[in-house]
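What follows is a short report on a single structure.
Scope of the values below: all heavy atoms of this structure, side chains included, with no hydrogens, waters or symmetry mates. This one's a predicted model, so the numbers in the text were calculated from it and none came from an experiment. The chains referred to below are lettered A, B, ... by the order of the sequence lines, with proteins before strands, and numbering in each begins at 1.
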Amino acid sequence: MSTPQLEKTYEPKSVEDRWSREWIARGYFRAAVDHAGQPYCIVIPPPNVTGSLHVGHALNHSLQDILIRWHRMQGHNTLWLPGTDHAGIATQNVVEKQLMAEGLSRDSLGRERFVERVWQWKATSGNTIINQQKQLGESCDWDRLRFTMDEGLSTAVLEVFVRLHEDGLIYRGERLINWCPRCLTALSDIEVEHEEVRGKLYHVKYPLADDPHAVLTVATTRPETMLGDTAVAVHPEDPRYRHLIGKKIRLPLTTREIPIVGDPILVDLEFGTGAVKITPAHDFNDYEAGERHNLPRIAVLDHAALLDPAGMQKGAVETSVIDMLRGLPVSKARPKVEALLREGGILEKIDDHKMAVGKCYRCKTVVEPYLSPQWFIKIQPLAVPAINAVEDGRIRIVPESWVNNYLGWMREIKDWCISRQIWWGHQIPAWYCLACNDRQIVTVGDRTTILQGAKPIVSKLAPSQCPACGSRQLIRDPDVLDTWFSSALWPFTTLGWPNQTPELKTYYPTSTLVTGLDILFFWVARMIMMGLKFMGEVPFKDVYIHALVRDAEGQKMSKSKGNVIDPLHVMDQFGTDALRFTLASMASPGRDIKLAEERIEGYRNFANKIWNVARFALMYLSGPRAPLPPAQRTFPDQWILSRLNYTIRTVTAELESYRFDRAATALYQFIWHEYCDWYVELIKPVLQTPDHPDGASTRHTLVETLETTLRLLHPFMPFITEEIWQTIPHQGESIVVQQYPTVDQTRTSPDAEEQYSLLEQTVGLVRTGRVLLNYPPGQQILFHVGHDDPHRQQRLQRLQPHLAHLSRGTAEVHPATEWPVGQRLRLVTEGLSVGLTVSGDVDLKKALDRLAKQLAESDKESQRLDGKLKNAEFVSKAPPEVITEHQERVRTLSRDRALLASSEAQLRTMLGA
RNA sequence: GGGCGGAUAGCUCAGUUGGGAGAGCGCUGCCCUUACAAGGCAGAGGUCACAGGUUCGAUCCCUGUUCCGCCUACCA
């Protein structure tokens, strides 16, 4: 009988390519509503269509694939739904860069041709990450691949927009919003990254209007915005200034006078000078203060964050100043203003000052508060149900520590600015009648602005005429929606909503959402709000939040730092399974992952270990195999089955609580240190003896355990498990669709486990003795073993052949008191004695050191325990079982001690002789 | 400013009802023993950040301190 041969080392590359194609071709990942089993569905966090697989994706996707493969094997009706996100700003940037290289620009093409161009780009480059995902072995239903700009999803976006508008939850208005002067678009609050910088605090003396010699000194970090000041605020209870409230300031560099107002919210008595300038058009706090005091808003910066002559004119800035500053960016204007103030003798001082600046999360340009008409979602009515869903447990966030984070954010959530001034995305379904809005629609050059107050006609389809005046002259709102608007709908639009599809009925609510912390607010919170609003049900039951992947030093990976670990490179070098297993094993909750290549290499070695133990099994598999009931099998077989059962229980329980790290550790421990290190060594004598009476049963256990273990491991290491599984005896066509192992109590054997503990302890002692006496590993030795406890003494008797084999020698099993007289080294632990014959002239120094050390440790421990037992309070208050345990330990220690001491004495005699 | 998380072996991290401190990697020594040198065996290495408190007993529970990380915030 010929058995298949495996190469000596595992070569992942060809195996992975072959199986990732084959699995898809055979349709194993395809879901169908009429499949048997309870539905289990995950929608993938759609990566940017511009993206390529980075290690964060690798982690995120590996964990999802583990969950999905696990549930598929458990017989669930499993759907993992893949897709990509159109990533408005990012994608537009990519294509614009391409155009620039061709000497073209977005504006030169015009909107329609530009959008066409982006679609072209998507058709050629948009599948990069999808192909890489397949390489990672992701078992998504690829036939259901979705894109946020698909026709179906786009219809859903229109539906949602119109319904929210009808419900009064979407409105348009002029507000101060975050504006990226490079992307030339609005951003939502959470698209702004705050970064602490060292800035300066300028103290500027503002003269009073009715007494130019009296001044009020204000403190500001942005002196150039003073041109748009419309008031100065002091605290109404500030004895220094409160008499000034109601008076006026002559605003320097302008010809304006502005009022002094009292504002307890804006002003902090302790900070700066206690007087604050108010610039409602360029600062969020000032904007609100302006509302409270009915102040005008004067914008002195334009949409590119350049000093705007028109704005300055409106602000009555002195003509010479306007000429000096016109068209300058803030960075250049600030020193000029500073110089002007200094010349005017009104710059009191400049202090160093720590402050936070907001930057665009896409391009890192400093974001400006910018006054402009935008679309918003009134968020409070959506947030309340989303808070409830988490509070009452309909949604479980894992790890739980993020719950408060979520709730805190949701309770203070502000209206969501959803309009973006870009071209790539879902264009807002709103039209304006030119006739009715002639005063609100202004065209300057080729730039049309729809001012606040214009009346939009919101509709899924383009209206043919104005319902008010019947005019057919309509223009569409040029803005597109925030990308997160469509991804907030992802869990139900991907399943066919707004159509009531069978998929929607079967798989919604989805089971688990796996994501990184960074998009908890961007995405998760919004999906919950939208899911509850439009489906009336939570979008998923569990949210598992995993860590961030950092480099080995704990630094965030970034291209500019050059410390990125490229998952594709790593997969190429060490194998995909090794990478996946590494990421899973490091996914401990609440801790970031510091990824070093050595770790991946370590798990590459693990894969190789599995490969080789499979080779071993194949090598000895010829011959009959007999499946006896567990109780009738040999001790090693009973033991490994018991351990296997324990491992199945552990892995399953850990996966149920999303402890991928502990599940991975359990698998590693079992496979390497129990199956390979001990079980395989224990059964070698049987396998290597032709026609051994236990041969048939042992071969069966060997392969049964291996096969079960492969299934247990498959979600973590899909490729190698499939490859090996195919070569060993198995039923079925692929491990992908086999049943996940379940606990079987008949496999558990406490007796075999006890037997094993004694074996391990004994063999360990003999091997230690070997090293102490410098006996080479290959040399056969004679040794005695005995135990104080008669029950264990009997066990040793039964273990005799295993002891002899694993210790490479001849084992004499007798109670220590009956050992024949002779020169030997005796090692003792917990009542177990092992004696190695000392022959020839060996160096006994190492052995003596070891005995001395153990004696010292034993004494120390005895003293500690004695101390506790002599403590009356301990004896009276500690639970009885703890006390007896302590007493037992003291007894054992003193018996061990006596034997060790006699052994030491004997060695000394031998040395002296 | 507020909130959260972390501090355990040289490094990365486990440690779930408080009672003898663990793993992986690295390191040291001995071995090419026919599954595997990407390996085997043995071993060294830890006042569990610091200070108090609760308890018979604390790595674990409580309080405070220090250091690090993250999130969040309108000190101009």
* Structure fact -> Protein heavy-atom contacts under 4.0 Å, written 5' to 3' over nucleotides 28-36 of chain B as B (base), S (sugar-phosphate only) or - (none), form the string -----B-BB

* What string of B, S and - do you get for nucleotides 71-76 of chain B 5' to 3' if you count protein non-hydrogen atoms under 4.0 Å? -> S--BBB

Separation of the [atom1] atoms in [N] and [M], to the nearest angstrom:
{"N": "B:rG53", "M": "B:rC60", "atom1": "C1'", "answer": "15 Å"}
{"N": "B:rG26", "M": "B:rU59", "atom1": "C1'", "answer": "24 Å"}
{"N": "B:rU17", "M": "B:rC11", "atom1": "P", "answer": "28 Å"}
{"N": "B:rC48", "M": "B:rG43", "atom1": "C1'", "answer": "23 Å"}

* Per the side chain to side chain contact (heavy atoms under 4.5 Å, CB included) rule, which among A:L407, A:L517, A:V524 passes with A:W402? -> A:L517

* Whenever both distances are under 3.5 Å in a Watson-Crick or G-U wobble pair, mark it; put RNA chain B into dot-bracket that way, with [ ] for crossing pairs and | when the partner is on another strand. => (((((((..((((.....[..)))).(((((.......))))).....(((((..]....))))))))))))....

How would you label the contact of [X] with the nucleic acid (heavy atoms, under 4.0 Å): base, sugar-phosphate, or nothing?
{"X": "A:Y668", "answer": "sugar-phosphate"}
{"X": "A:E861", "answer": "sugar-phosphate"}
{"X": "A:H673", "answer": "sugar-phosphate"}
{"X": "A:R770", "answer": "nothing"}

Could you write out each protein N or O paired with an N or O of nucleotides 56-61 of chain B at a distance under 3.5 Å?
{"from": "B:rC56", "atom 1": "OP1", "to": "A:K877", "atom 2": "NZ", "distance (Å)": "2.6"}
{"from": "B:rC56", "atom 1": "O2'", "to": "A:N871", "atom 2": "ND2", "distance (Å)": "3.4"}

Calculate the interatomic distance between [X] atom [atom1] and [N] atom [atom2]; express it in whole Å.
{"X": "A:L407", "N": "B:rC4", "atom1": "CG", "atom2": "P", "value": "13 Å"}
{"X": "A:Q669", "N": "B:rC25", "atom1": "CD", "atom2": "P", "value": "11 Å"}
{"X": "A:F660", "N": "B:rA14", "atom1": "CZ", "atom2": "P", "value": "15 Å"}

* Side-chain donor/acceptor of A:R767 to base of B:rA42, under 3.5 Å -> no

* Asked: Is NZ or CZ of A:R643 both nearer than 6.0 Å to the six-membered ring centre of A:W672 and within 45° of the ring axis?
  -> no

* Pick the nucleotide of RNA chain B nearest each of A:W678 and A:D661; which residue has the one closer to the 5' end? ->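 Whichever sits nearer the 5' end wins; that is A:D661.
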
* Asked: Which pairs pass side-chain hydrogen bond (donor to acceptor under 3.5 Å, both in side chains) with one or both residues in residues 271-280 of chain A, sequence neighbours excluded?
  -> A:T225-A:K277, A:D229-A:K277, A:D229-A:T279, A:K277-A:T279

* Any idea how A:Y10 and A:W611 line up, ring-wise: parallel (<30°), tilted (30 to 60°), or perpendicular (>60°)? ->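 Ring orientation of A:Y10 relative to A:W611: tilted.
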
* Candidate nucleotides B:rG20, B:rG5, B:rG39, ranked by approach to the side chain of A:N605 - the nearest ->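 Minimum distance to the A:N605 side chain belongs to B:rG39.
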
* Only pairs at least two apart or in different chains count here, so list each ring pair (Phe, Tyr, Trp, His ring centres under 6.0 Å) that has a residue in residues 270-292 of chain A. => A:F271-A:H353

